[in-house]
Amino acid sequence: MNNIGVASAFKTVVIPINDIDLDATFDCGQCFRFERQNDGSWSGVAFTQSVNVRYEDGLLIITGTGGADFEKIWHSYFDVDRDYLLIKHSLSSDAVLKRAIAYAWGIRVLHQEPWEALCSFIISQNNNIPRIKGIISRLCENFGQKLEDGTYAFPSPQTLCELSIDDLAPLRSGFRAKYIIDAAKKVSLGEVNLETLSKMTIEDARAELIKIKGVGTKVADCTLLFGCGRVDCFPIDVWIKRVLDCFYPNGFPVEFAPFGGIAQQYLFHYARCCPECELNGRE
DNA sequence: AGCCAGGACAAGT
DNA sequence: ACTTGTCATGGC
């Protein structure tokens with residue numbers, strides 16, 4: 001019932017945070033490695049740390065096998081310093097976004113590792129979310145570092161660049177395997193530097209990423225938004241295209257550009273999952 | 001059974 | 001600069 005014993009066995013980080021919905025945040029298609037547990041908590045791996053996350057009484061409670069920078073990583077990962085209330089208030093001046101936010105109010109845009117985001121969204125192309133999760137899971141199990149609790153870290157580009165396309169056959173990733181290899185090679189050789197992307201203009205950063213085979217504007221934008229903290233990036237996939245065609249025939253409001261990526265994520269989740277959205281067919 | 005999936009690419013206008 | 005067929009695989 002209390003978790004003092006557990007806390008002594010596992011490192012625990014407690015972060016006060018307002019208006020987060022873990023179900024929406026982990027299940028809105030921005031990350032692919034967290035799984036909901038029977039007790040409503042979520043377990044997953046990021047930054048080579050396996051953690052369990054739950055949210056109770058305004059506190060985000062993270063338990064796991066973290067290192068010294070445990071708090072720093074997860075503080076950033078959950079975008080704690082951003083004032084979502086302020087952003088949501090601003091976005092709600094638009095009628096469509098107001099509806100989307102009423103549904104997707106608890107989403108926060110996570111700060112994932114750049115390489116994992118890049119690789120994940122290479123895999124995402126012309127693919128569906130359940131299968132993306134499967135491929136990424138097999139990628140980690142086959143080539144990622146095994147952690148002490150039996151889970152696996154996301155494999156590094158240095159590891160993957162040594163592999164052939166045939167080596168990736170167990171992933172069943174189809175035509176995307178050659179893209180994964182090319183990305184691993186270009187990143188590990190420094191031909192593409194993921195660390196500097198967050199300081200470049202969107203156009204330059206996008207051009208840098210597109211040097212990788214299988215990376216177009218959409219995958220590049222998702223990498224920048226989810227892996228580099230560029231919330232001014234607005235990835236346009238099939239769902240957002242439908243949203244724009246249906247709700248914004250005259251263009252998306254330019255005043256939202258500085259945090260368009262956050263707006264995009266509300267709209268994406270709303271369009272895909274909200275039964276009351278006319279774009280949503282099923283699920 | 002058949003359509004489609006958080007697209008990119010090459011080849012063709 | 002735009003449009004179209006193709007690419008593996010499997011979820012629904």
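Here the structure is a predicted model, which means the values were calculated and not measured.
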Partners of A/Glu56 by salt bridge (charged side-chain N to carboxylate O under 4.0 Å, His left out), sequence neighbours excluded? A/Arg54
Members of residues 166-192 of chain A that approach DNA chain C, where some heavy atom sits under 4.0 Å away: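 Within residues 166-192 of chain A, the residues near DNA chain C are A/Arg172, A/Gly174, A/Phe175, A/Arg176.
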Using the [atom1] atom as the point on both nucleotides, what is the distance between [M] and [N], in whole Å?
N      : M     : atom1 : result
C/dT6  : B/dC4 : C1'   : 15 Å
C/dG11 : B/dA8 : P     : 23 Å
C/dG5  : B/dG6 : P     : 22 Å

Cationic N near anionic O, under 4.0 Å, [X] to [Y]:
X        : Y        : result
A/Asp94  : A/Arg99  : no
A/Arg82  : A/Asp79  : yes
A/Lys241 : A/Asp237 : no

Expected output: side-chain A/Arg230 to main-chain A/Ser198 donor-acceptor under 3.5 Å: yes
Atom [atom1] of [X] to atom [atom2] of [N]: distance rounded to whole Å?
X        : N     : atom1 : atom2 : result
A/Ile132 : B/dA5 : CD1   : C1'   : 8 Å
A/Ile240 : B/dG7 : CD1   : P     : 11 Å
A/Ile135 : B/dA5 : CD1   : P     : 16 Å
A/Phe234 : B/dG6 : CZ    : P     : 17 Å
A/Arg138 : C/dA8 : CZ    : P     : 17 Å
A/Asp221 : B/dA8 : CG    : P     : 9 Å
A/Lys241 : B/dG7 : NZ    : C1'   : 9 Å
A/Asn126 : B/dG7 : CG    : P     : 7 Å

On DNA chain B, compare the nucleotides closest to A/Pro235 and A/Ile212; which residue's is nearer the 5' end?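 Of the two residues, A/Pro235 wins.
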A/Phe121 and A/Phe32: aromatic ring centres closer than 6.0 Å?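 For A/Phe121 and A/Phe32, the ring centres are under 6.0 Å apart.
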So, for A/Trp42 and A/Phe34, is the gap between ring centers shorter than 6.0 Å?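 A/Trp42 vs A/Phe34: aromatic centres not under 6.0 Å.
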Hey, does [X] reach any base, or is it just sugar-phosphate, or nothing, if we go heavy atoms under 4.0 Å?
X        : answer
A/Cys31  : nothing
A/Gly29  : base
A/Ile236 : nothing

If you define the side chain from C-beta out and look only at heavy atoms, does anything of A/Val51 sit under 4.5 Å from A/Tyr77?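 Heavy-atom side-chain distance check fails, nothing below 4.5 Å.
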Side-chain N or O of A/Arg242 less than 4.0 angstrom from OP1 or OP2 on B/dA5?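 It does, given that an N or O in the side chain of A/Arg242 lies less than 4.0 Å from OP1 or OP2 of B/dA5.
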Ring centres within less than 5.5 Å and planes less than 30° apart: is that true of A/Phe268 and B/dG6 in this structure? yes
Which nucleotide in the set B/dA5, B/dA8, B/dG6 lies at the smallest distance from any side-chain heavy atom of A/Gln125?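 The answer is B/dA8.
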